[in-house]
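Notes to accompany the following structure.
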Amino acid sequence: MSMFRAKKFDLGCFTNIKIIRDHSKRKAFEAAEPERQALRYIIRNTTLPMRTRAMAQLQLTQMHCYTRPTQIRNRCVLGGKGRGVLRAFKMSRYNFRMEALAGNLPGVKKASW
Amino acid sequence: MSVPRARLLQLMEARCKLFETTFNPDGIRAGNKILRQRLKGPALAGYYPRRIWTMQEFQAEFRDLHLLVDDEKELDRFEHVSLLKARGKGAPKKKNSAPDHKKKK
């Protein structure tokens, strides 16, 4: 969805279309988050009339899928891989191994006993 | 010794007022837990490192000091292109007139 994409390229890591897409989704979610939370509040609030809550439900489901937090996936910043990504290092397991063995990750050491 | 419920509720109300929580003795679902949640958008949007500057901007920073910064990637590219041109394999020249559209049959 190109309307969510940044007009000026703004990524400083490895880039492919999947990373750009994920980044756009993150930014779209950030922009829409207050609205989403407001709608979720209305839906969860049992003191409000049923009609209002149903309307809010509809509105929330009809928001663009890019504004949904479940669309976001952590990807490797070095290779763009979507699986086997270590959250603490934002890297896929292979890239993590390579960087760790090269000594680029402070405090990471190969275990040996 | 039993304490009447009304008295306990008063205590609860006072406690809620003191610690700024919502007084909800009946346990009605008012959706307050949504309002209590923190926004996680900024943390999520900051996952990928942003681009800080481009090489052109970096060069422009040093232009005032009369320093030249070599963009090695760009120089490599120029070299590659000149080699291609020397072999006659460069990009074709642009046409002056717009290309004629093919007629559909």
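Numbered from 1 within each chain, the chains take letters A, B, ... in sequence-line order.
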Inter-chain contacts: residues 58-71 of chain B against chain A, heavy atoms under 4.5 Å: none

Under the ring-ring contact (aromatic ring centres under 6.0 Å, His included) rule, collect the residues that match up with A/Y66, sequence neighbours excluded. A/F4, A/H64

Starting from A/V77, can I reach A/L11 by hopping between I/L/V/M/F/W/Y residues whose side chains sit under 4.5 Å apart? yes

Between A/V108 and A/M98, is there shared hydrophobic-cluster membership here, with clusters defined by ILVMFWY side-chain heavy atoms closer than 4.5 Å? no

If one checks every heavy atom of A/I19 against chain B at 4.5 Å, the contacting part turns out to be both

Residue among A/D22, A/L48, A/N74 with most heavy-atom pairs under 4.5 Å to chain B: A/N74

Give, as side chain, backbone, both or neither, the part of A/I72 having an atom under 4.5 angstrom from any heavy atom of chain B. side chain

Turns out that what part of A/F9 lies under 4.5 Å from chain B's heavy atoms comes down to both

Residues in residues 42-55 of chain B that sit under 4.5 Å from chain A, counting heavy atoms only: B/P42, B/L44, B/A45, B/G46, B/Y47, B/Y48, B/P49, B/R50, B/R51

Could you tell me which portion of A/F29 (side chain, backbone, both or neither) has an atom closer than 4.5 angstrom to a non-hydrogen atom of chain B? side chain

Within residues 19-41 of chain B, which positions have a heavy-atom distance to chain A below 4.5 Å? B/I28, B/R29, B/A30, B/G31, B/N32, B/I34, B/L35, B/Q37, B/R38, B/L39, B/K40, B/G41

Which one of A/R40, A/E33, A/H23, A/R44 has the most heavy-atom pairs closer than 4.5 Å to chain B? A/E33

